Every structure is written in C-alpha cells, then in structure tokens.
Amino acid sequence: MHDLAKAYEPSAVEERLYARWLELTDSYHADEKSVKPAFSIVIPPPNVTGILTMGHVLNNTLQDILCRKARMEGKEVLWLPGTDHAGLATQTKVESTMRKEEKGLTRQMLGREAFEKRVWEWTDKYGGIIIQQLKKLGCSCDWTRQTFTLDAEYSRAVLQAFVDLYNKGHIYRGKRMVNWCPASQTAISDEEVIPTPQKGKLYTIRYEVVEQPGRFLEIATTRPETLMGDTGVAVNPEDPRYAGLAGLHARRPFPEAAIPIVADAHVDVKFGTGVLKVTPAHDKADFEIGQRHNLPFLDVLTPDGKINCPEVPELHGLDRFEARKRSAEMLAERGLLAKEEPYDNTVGFSERGQVPIEPRLSEQWFLRYPKTQDALDVVAREQIKFFPRHWTKTYDHWLTNIQDWCVSRQVWWGHRIPVWYKDGDPASPKCQIASPGEGWVQDLDSLDTWASSWLWAYATMDDATRSKFYPTSVLVTGPDIIFLWVARMIIAGLEFTPGKTKAVEDNIAFENVVFTGIIRDKYGKKMSKQFGNSPDPLDLIAKYGADGLRFGLIRIAPQGEDIRFDEKQVEEGRNFCNKLWNAVRFRTMQGPIDPAADPSQYDPETHELTSFSQLLLHKLHKLLPQIQASFDRFEFSEVASALYDFVWNDFCSRFIEAAKADFQNPESPSRAGTLATLDYTLSRILRLLHPFAPFITDELWVNLGFGGPETAADGTPNANARTIQFAPWPCAEPVPAWVKDLWTTNSAEAVYAMVDAGRNLRGAVNQKVPFHLHLAEGASAPYDYEMPVLTALLNASEVTLALPSDPVPSGPFAFVPLGKLYVTLPKIDPEEERKRIEKDLAKVRKDLESTRKKLGDPNMIARAPADKVAEWRALEPVLAEKERTLLERQDALAGAV
RNA sequence: GCGCGGUUAGCUUAGUGGUAGAGCGCUACAUUGACACUGUAGAGGUCACAGGUUCGAACCCUGUACCGCGCACCA
C-alpha cells in the first residue's frame with residue numbers, strides 16, 4: 001500500500017509522470033497502421049516565438065480532453081502539434097530587438113539573407129518555449145509529428161498550392177488599392193484591419209470653380225493632408241444644388257491646379273456638403289471614382305507614411321499627421337478653410353503595426369477564392385458542424401460577401417512567392433517552385449502567413465498518416481479566426497482534395513469545429529499583454545498544479561461564451577483535486593483496494609449492500625449517460641460541473657460519511673459491500689476525471705493498483721496497471737444488469753433528507769443532542785442499519801422512533817419525508833425559533849396559496865395535464881397539514897412566553 | 001444601419017413551460033475526524049423593462065433599454 005501525503009502536491013507528481021508518459025507512449029506517437037478507429041485533431045499552431053497564454057490553456061486543455069477520452073474509448077489518436085512562423089509578427093520582433101540592442105540596425109542594412117539568418121537564430125532560441133509549456137500543461141500531442149510551417153515538406157506544399165492555383169487562373173498580380181501598414185511597410189488583408197473609433201476633426205474647405213470665379217464649393221474632409229493628391233471633385237448627378245457643374249473645373253489650392261468636376265452616383269447628397277474631393281491614390285472609393293472618370297492617380301505619400309510632394313515644400317517630408325495640421329493651417333492662411341469641427345469617425349488600424357492603415361495603390365498578388373459555394377454547402381449540410389451552431393451565420397455572411405485575398409506581404413520571413421522574372425524573356429513571369437535557371441530573379445514578396453497555415457489540416461501529414469487520420473475529427477479554436485483560418489482551411493480542403501478520394505466527405509478538413517470563448521479578466525476586459533491583466537499560466541501551474549488549472553478553468557468555461565477569469569476558480573480546481581486525493585486517502589486506510597470490485601455480488605435484500613451504496617451506484621449510472629451526452633455536444637463545462645457535484649456531494653459528503661458507520665464497525669455485515677461500492681465507484685471517478693485532470697488521476701490509479709495486476713492470468717502484461725490513459729472509458733461500458741434491480745427503495749434519500757432537516761433544526765448548537773422521529777401514517781421506519789448513520793450524521797446523542805399512533809411530542813421539529821423530526825435542545829431561544837417558524841410558515845403559505853389558486857381555477861383544472869393536476873391535488877393537503885402544525889407550534893411558543 | 005450573443009443572489013453562473021438551484025465571497029460556529037486546499041449553519045433573488053401567447057412564463061413571441069462582439073458605412 002502506498003502511503004498518501006496528507007495533501008496533494010502536484011509539483012511532486014507532474015514532471016515525473018509526464019516523462020513516464022512519453023516513454024510509455026513513444027511520445028504519443030499515433031500509429032497510422034492501427035486497426036482501431038481513428039480520432040484526430042490538428043493543433044491551432046501557436047506563433048513559434050510566442051509564449052503560453054490563458055487562451056492557449058483553454059484551447060489546448062479542451063483538445064487534450066478530447067484526445068485522452070478518445071484513447072480511453074479505444075481509438076487511435078493523433079493530436080498533431082506544431083508552430084506557425086508568424087511572418088510579420090516574428091520579423092517585427094526581431095527588427096525591434098536589433099534596433100534597440102544594436103544601435104538602430106535595420107533589416108535593410110543587413111540585407112535579406114543575413115536578416116533571415118538572424119530570424120532563424122531567434123526562432124531556434126525561442127521556438128521551443130511554447131511547446132515545453134504545453135507539455136507542462138499535460139498535453140498529449142504526438143511529438144514525433146511536430147511540424148513547423150517553414151519545414152521543408154510543409155513549405156513545398158505551400159508553394160505547390162500557390163503554383164496550382166496560379167495555373168488554374170485563381171491567382172493574379174495587380175496594381176490595386178490595398179491596406180498598407182506604414183509601420184510594418186507591407187500590405188495586409190482586409191481581415192487584419194481593425195476599425196477603431198477615433199476623435200478626429202472634420203475640415204470644411206473651399207475649392208473655387210475655375211470657370212465661375214468667385215463661386216466656391218465647400219468640401220468636407222477628414223484628411224486635408226492628401227489634397228495634393230486630389231485629381232478631381234465629385235458631385236451627385238441628381239443633386240440640384242450642383243447641377244451643371246460637371247465638366248467644369250475646381251481649383252486645387254496646392255500645388256495649384258485646375259482639376260475636373262465629375263458627376264458620380266457614389267456621392268451621398270445627404271452627407272457633409274454633398275461635394276467630395278477625389279484622391280484616387282489614397283482612398284478605396286476614390287480609386288473607383290478615378291477609374292470611372294479617367295482621373296490621374298497621384299501618390300503623395302511615401303511607404304512609411306510621409307508626404308511626398310516636392311512641389312509643396314512646406315509639407316514635403318512631413319509625417320502624415322503633422323501634415324494634416326499644417327495643411328489645415330495653410331488653408332486657413334489662404335482663407336480656404338470654412339470650418340474645423342470635432343468629428344468622431346472610425347479609422348482602420350493595422351492589427352500588427354498598431355497605426356492607422358493607409359489605403360495605397362500597389363502591386364500585389366491576389367487570390368480569387370475557389371470553392372466558396374462548396375464551402376458554404378458543407379457547413380449548411382452539416383457535413384462540418386459548428387459548436388455553437390450560431391457561428392455558421394458569421395461564416396455564411398463572410399463567404400457570400402467574399403473579396404479577393406491579398407496574399408503577398410512585403411516581408412522577408414516566410415514563404416517567398418514562387419514567381420520568377422527575367423527581363424526580355426517572353427516566358428517571364430514563370431510560376432514554379434525552383435528557379436528556371438540563370439538570370440531569373442524571384443519575386444521579392446512573401447506569402448501571407450495565413451496562406452501558409454490554411455493547409456495545416458492536411459499538409460502536416462504524410463500520405464500514410466493522411467490516409468488514416470484525414471479528415472480530422474475536431475478543430476478547437478476561437479471564433480476570432482473564423483475567416484482568417486477556419487473558413488480558409490475548409491476552402492483549401494475542398495480545392496486541393498487531399499483525402500482518400502475526391503469526394504467532398506473525404507475532403508472536409510474536419511467534421512466538427514468547436515469555438516471557445518475569449519478569456520477576460522474579472523472586470524470583463526480582454527486579456528492581453530498590453531494591459532498586463534493576463535496571468536502567466538506557468539505561475540498558476542506552479543501555484544495550483546496543472547490539474548487544478550485545467551479543471552478550474554474548464555468548469556467555468558461554457559461553450560462559446562466569454563469567460564470571466566478569476567484566480568479563485570483555479571484555486572477551486574486545486575481544492576477539488578485535494579478533495580479527490582483525500583477521499584482516496586481515506587479509502588487506503590480501510591485496507592487494500594480491489595480493482596475488480598463488483599457490488600453485484602452483495603445482496604441488497606439482506607442489506608449486504610446498504611441503501612447508501614445502492615443510491616450511489618444508482619446515481620453513478622445515471623451520471624454516465626449524462627456525461628456522454630454532454631461530451632457529444634462538446635459541453636465540457638457541463639461534464640466538469642457534473643463530476644464536481646457527484647464527487648464532492650454524492651460521493652464524499654454523503655456516501656463516504658455514511659460508509660464510516662460500516663468501517664468503524666469491523667463486524668458490520670455490509671462492510672464488504674460498501675468497500676466494493678467504494679472501489680467500483682472510485683475506479684470510474686478516476687477514469688472519468690482523467691481527461692480533465694490527467695496527473696492526479698494517473699498517480700492515484702497506478703499507485704493504488706486500480707488497473708489490476710501487472711500481468712494478466714495468461715501471463716501477458718497488463719497495460720492498464722501501468723497507466724490510466726488507456727483504461728476503458730466508463731460511459732462506453734454497458735450498464736450492468738444488476739444496477740436496474742438496485743433502485744427499489746429510496747430509503748437512503750430519506751435518511752439524507754432527515755440529516756439536512758435535523759442539522760438545520762439544531763442550528764448552531766454544537767453539542768450532541770437527542771432527536772426523535774415521529775413517523776407519519778403509512779411511512780416505514782428506517783432500516784436498523786440506517787439508524788447509526790443517521791445518528792452520526794446528525795451528531796445526535798440518540799435518535800428515537802415513534803409510531804404514528806404514539807402521542808405527538810412537542811418542541812422544535814421539521815417536516816421530513818417520513819414524518820416529523822424533533823430535536824431536544826438544552827436551551828431553546830424562543831426568539832430564534834419564532835423566526836424559524838415564521839420563515840417556514842411564510843414558505844408553506846406561499847406554496848399553499850399558489851396551489852389553491854391553481855386548484856380553484858376550473859379553466860386550469862380543465863386544461864392542465866392530468867398528472868400535473870393530480871400532483872397539485874396531492875400537494876394541497878400536505879401543505880395544509882404543514883401549515884396547521886406550524887401554527888400549533890407557534891401558539892405553543894406564544895403560550896410558553 | 002445589419003447580424004450574433006448576453007442581462008437570474010455582492011461576484012461567477014445553472015436552469016426548453018408547472019414550488020428559482022449551485023460555487024465563490026460574506027457572517028457565525030467547529031480543530032484528536034480522509035480533507036482548514038475542511039466541515040456545519042445563516043443571511044442574500046419583484047429572474048433588465050414593457051406588452052403578448054398560454055390554464056400557467058425566468059423559459060415561447062414582439063418591442064424597448066443597456067453591455068459585448070462581428071460586418072457594412074465612415075467626405
């Protein structure tokens with residue numbers, strides 16, 4: 001027998017166990033040749049140089065729960081881990097470090113090759129951190145298949161995908177308006193622009209009509225600094241105020257020029273003055289107006305967001321925000337600024353660069369998404385199921401309004417676009433992975449990182465692995481990347497058909513998508529490094545254990561709802577682990593454990609199996625299908641809560657407390673049956689909890705021999721003795737026939753009800769006091785063996801019984817299912833009791849009133865279902881009797897004073 | 001403007017039509033007890049608001065308010 005410490009010490013267990021697991025499972029290597037049914041998950045790859053956040057903890061714990069459960073269900077499990085190169089994020093991090101630590105060194109100073117080498121060094125140094133952290137959390141990923149998006153194999157798949165799409169005509173290069181980040185100096189996709197409310201100013205400026213000197217058009221703008229790029233002025237063709245102006249010209253103040261006035265339906269007559277200055281090179285809508293009216297495209301900004309307009313030396317070279325103020329001043333000096341008023345508007349910010357993006361005309365690569373209709377269909381037909389389902393609306397909306405994807409980035413860290421150029425060669429450009437030869441120069445741009453990770457669901461697997469494990473079973477991720485990643489992975493699967501056949505069902509990437517909530521702090525703020533409100537999960541693991549963190553977090557994380565995180569919840573998780581530990585510790589004090597314990601060997605009729613044991617077994621077998629149903633809906637917190645409640649209340653507070661009567665009496669005839677019930681239930685509790693709390697459950701399972709002997713009777717080694725991880729999942733076991741026969745009486749419930757009522761009666765009186773049960777008509781007395789339990793749990797000096805025909809005693813009492821339970825207290829505080837009676841009376845009267853109202857309403861009696869009416873009819877006299885008895889007691893109390 | 005969530009005890013929340021439930025926190029009490037990472041008890045709720053459907057609404061419908069998120073617009 002293993003001696004258990006008085007409290008569970010996670011740090012003493014976790015590291016040792018994890019190392020052991022890696023040995024036992026060959027690092028959780030999934031066998032692609034296995035005949036077991038497959039279960040597979042690909043990890044949402046964290047940034048290679050990132051560190052573990054609470055979001056990762058939630059997400060990866062859920063995946064680990066699914067994988068561990070699947071193993072126990074006898075499936076061959078692949079949880080494929082890896083990391084993402086995070087092109088722009090990583091490049092920015094390395095650049096800023098260089099700038100700080102190496103006197104302003106930039107990547108341009110180093111050159112592309114040397115810089116890439118730097119980033120690889122950085123990646124080698126920090127790249128393993130998050131993987132190590134996942135191991136601390138207990139994640140059972142297949143570490144033999146760990147993948148990085150820049151691995152040679154994966155890279156080839158990414159580039160080949162580009163080449164294929166190019167050859168099919170889905171990819172094109174074009175000079176178009178893109179979202180330009182002046183801080184990172186790259187294009188970004190629409191999905192990476194964060195609209196942010198800003199307090200800005202609306203400037204109303206005056207443009208003179210050239211052909212009608214003295215007539216001025218007032219134009220509202222938030223961006224006077226771009227007026228040098230104005231190549232037109234637009235009015236709505238329907239607007240009577242400006243009829244006849246189209247075809248004339250307006251005078252641009254600086255650099256002074258006459259620019260055409262055009263009529264364009266885009267202009268909203270109700271907004272501002274109804275006149276729009278058109279800056280085709282610096283605004284998406286203006287770009288389109290410019291195209292429609294053949295206006296010139298004048299770029300007056302540099303890539304880093306400075307004014308590029310030598311003709312206006314006052315502004316040339318100024319930062320765009322400086323230039324905004326200065327140009328307003330210049331307009332005012334010329335009498336051309338009519339108004340300047342505060343204005344709230346929404347400005348697109350670059351997610352990475354944290355600065356306003358600049359709509360900018362530039363040469364980029366675009367993808368016309370293929371298979372968008374198929375992608376809509378597979379989700380509509382529920383070939384791919386979303387949990388919660390309402391996210392399908394968001395998904396549908398995006399896919400039906402989809403824009404071409406700008407896949408090129410002006411960064412050096414990532415997959416370089418596989419397009420080659422050679423001046424004067426008629427074959428240029430060529431799209432292929434390898435260089436076509438001497439003199440060919442590769443495109444300078446790299447691919448958007450999401451254009452790498454959209455192949456993650458299958459390009460991480462070799463052919464053999466894919467034929468066993470693809471499509472994957474579940475994807476667990478946040479709804480914030482539903483477009484960036486989830487939808488694109490679905491499209492990639494349908495377009496590249498990596499499955500066993502070309503059929504849609506073999507190429508759906510994943511069967512289920514589980515969306516987690518966002519973790520917020522206790523004030524409701526999103527957790528982020530900037531706010532500093534995100535605890536370090538490793539600190540929490542050190543303080544409360546990985547199991548405590550996992551269980552505490554999952555218990556309060558309802559599906560798809562945001563989570564208000566409070567460290568208290570992790571503390572509760574740890575406390576729960578300790579409760580379990582001590583319940584097992586108590587068990588070890590009663591003698592050796594029987595891993596094959598079978599309560600059905602004990603006869604309930606002769607009370608070898610007590611009512612307490614029967615009730616527990618009944619509840620356990622009611623719990624199992626509930627847990628399975630919750631898992632089927634991916635309602636993890638429901639499972640965790642149900643287990644918490646069962647273990648703490650049904651198992652510890654009630655059953656174990658009742659069982660002490662047996663254990664303290666070596667002669668008890670029900671001792672063996674109670675022990676068997678304890679072992680049988682514990683064995684299942686440990687297995688049910690293992691996916692949530694892998695360490696403590698394995699530690700207890702192995703040390704106490706729940707897995708059975710090391711070798712089976714035929715001499716083969718018994719794997720379940722060495723670890724709980726492959727022990728059979730209890731919900732999958734058939735319900736034993738004997739369980740159905742157990743539930744013949746609820747006498748244990750009656751005992752527990754008396755315990756609750758009696759404790760309430762005695763209130764704060766701590767010494768042992770006598771109780772007296774006065775049976776109601778027709779109630780059967782508790783079994784003899786139940787009386788010591790009742791006495792112990794009530795902390796009673798004795799519990800006496802009286803028949804219905806016996807005289808009714810007086811004194812404080814409570815209604816219980818068997819009748820009335822009286823207590824004899826050394827001293828009765830009449831004031832206290834009066835309050836208690838009044839409280840009971842108020843409750844009874846409220847119930848009685850509502851029941852009588854129902855019964856007195858003929859309409860209700862006529863229309864309510866018969867069983868409900870019968871219920872109310874039966875309830876009424878019971879309540880009335882309660883009221884009468886309480887009033888009697890109240891009178892007696894009044895008389896006594 | 002459109003869409004998706006949400007609003008139940010001080011806090012976090014469960015609750016798909018029939019007497020509002022839990023955990024934390026708070027208050028009081030209890031340490032030869034498996035567990036103070038504990039036990040026992042107590043206080044604490046017009047279920048956001050207004051209509052409607054129904055014999056009956058926290059629950060279904062409509063609307064309103066407020067909070068969060070997304071999309072679009074944003075001169």
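Computation of the quantities below employed the complete heavy-atom set of this structure, encompassing side-chain atoms and omitting hydrogens, waters and symmetry-equivalent molecules. Please read all numbers here as calculations on a predicted model, not as lab measurements. Reminder, nothing fancy here: chain letters follow the sequence lines and each chain counts from 1.
Nucleic acid contact for Val584(A): none, since no nucleic acid atom lies under 4.0 Å from a heavy atom of the residue. Within 4.0 Å of Leu276(A), counting heavy atoms only, lies at least one base atom of the nucleic acid. Looking at heavy-atom distances under 4.0 Å, Glu571(A) makes no contact with the nucleic acid at all. At a threshold of 4.0 angstrom between heavy atoms, the contacts of Asn859(A) are confined to the sugar-phosphate backbone, with no base atom among them. Residue contacts for Leu875(A): at a heavy-atom cut-off of 4.0 Å it reaches a base atom on one of the strands shown. Residue Pro858(A) is out of contact with every strand shown, counting any heavy-atom pair closer than 4.0 Å. Here Arg574(A) lies in heavy-atom contact (under 4.0 Å) with a base. Among the protein residues, Cys652(A) comes within range of the nucleic acid bases, having at least one heavy atom under 4.0 Å from a base atom. Using a 4.0 Å heavy-atom distance criterion, Trp872(A) is classed as a base contact. Nucleic acid contact class of Thr222(A) (heavy atoms, under 4.0 Å, all strands): sugar-phosphate only. Among the heavy atoms of the strands, none lies under 4.0 Å from Asn401(A). In this structure, Arg555(A) reaches the sugar-phosphate backbone alone: every heavy-atom distance under 4.0 Å involves primed, P, OP1 or OP2 atoms, never a base. Residue Lys270(A) is classed as having no contact, given no heavy-atom separation below 4.0 Å to the nucleic acid. At the heavy-atom level, Lys660(A) lies under 4.0 Å from base atoms of the strands shown.
Atom pair Asn179(A):CG and C74(B):C1' shows a separation of 15 Å (rounding to whole Å applied). Distance, Leu580(A) CG to U38(B) C1': 15 Å, rounded to whole Å. For Glu871(A) and G18(B), the CD to P distance is 11 Å, given to the nearest whole Å. The CZ-C1' distance, from Phe771(A) to U40(B), rounds to 12 Å in whole Å. Following rounding to the nearest Å, Phe387(A) (CZ) and G5(B) (C1') show an atom-to-atom distance of 18 Å. Rounded to a whole Å, the CG atom of Leu825(A) is 15 Å from the P atom of A41(B). Nucleotide U19(B) holds its P atom 10 Å from the NZ atom of Lys846(A), rounded to whole Å. Summarising the geometry, the separation between CD1 on Ile518(A) and P on C67(B) is reported as 18 Å, rounded to the nearest angstrom.
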* To do: Toss me the dot-bracket line for RNA chain B: Watson-Crick and G-U wobble, both under 3.5 Å, 5' to 3', using | for pairs to another strand and [ ] for crossers.
  => ((((((((.[[[[.)..(..]]]].(((((.......))))).....[[[[[..)....]]]]])))))))....
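With a 6.0 Å cutoff to the six-membered ring centre and a 45° limit on the axis angle, Lys660(A) counts as a cation-pi contact of Phe586(A).
The closest side-chain donor-acceptor pair between Glu192(A) and Ser189(A) falls under 3.5 angstrom. No side-chain donor from either of Tyr8(A) and Arg574(A) sits under 3.5 Å from a side-chain acceptor of the other. Between the side chains of Asn236(A) and Asp268(A), no donor N or O sits under 3.5 Å from an acceptor N or O. No hydrogens or angles considered: nothing links the side chains of Glu635(A) and Ser630(A) as a donor-acceptor pair under 3.5 Å. Side chain to side chain, Glu567(A) and Tyr544(A) meet the donor-acceptor criterion of an N or O pair below 3.5 Å. Residues Glu699(A) and Trp581(A) bring no donor and acceptor atom of their side chains to less than 3.5 Å of each other.
The base of C4(B) lies outside donor-acceptor range of the side chain of Lys393(A), with no N or O pair under 3.5 Å. At a cut-off of 3.5 angstrom, the base of A30(B) holds no donor-acceptor pair with the side chain of Gln767(A). For A36(B), its base never sits under 3.5 Å from the side chain of Lys6(A) at any donor and acceptor pair.
Of the candidates G39(B), C24(B), C37(B), G39(B) carries the atom nearest the Trp648(A) side chain, counting heavy atoms from C-beta on.
Both Glu657(A) and Val193(A) lie close to RNA chain B; mapped to their nearest nucleotides by heavy-atom distance, the more 5′-ward contact belongs to Glu657(A). Sequence order on RNA chain B of the closest nucleotides to Met860(A) and Val347(A) puts Met860(A) first from the 5' end.
The phosphate of U40(B) (OP1 or OP2) has no side-chain N or O of Asn795(A) nearer than 4.0 angstrom.
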* May I have the step-by-step check of side-chain contact (heavy atoms from CB on, under 4.5 Å) for Asp662(A) and Gln590(A), ending in yes or no? => CA-CA 10 Å; Asp662(A) 280 328; Gln590(A) 316 307 327; over 6 Å; no
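Listed by first and then second residue, the side chain to side chain donor-acceptor pair (under 3.5 Å) pairs that reach into residues 860-875 of chain A are Asn859(A)-Arg863(A), sequence neighbours excluded.
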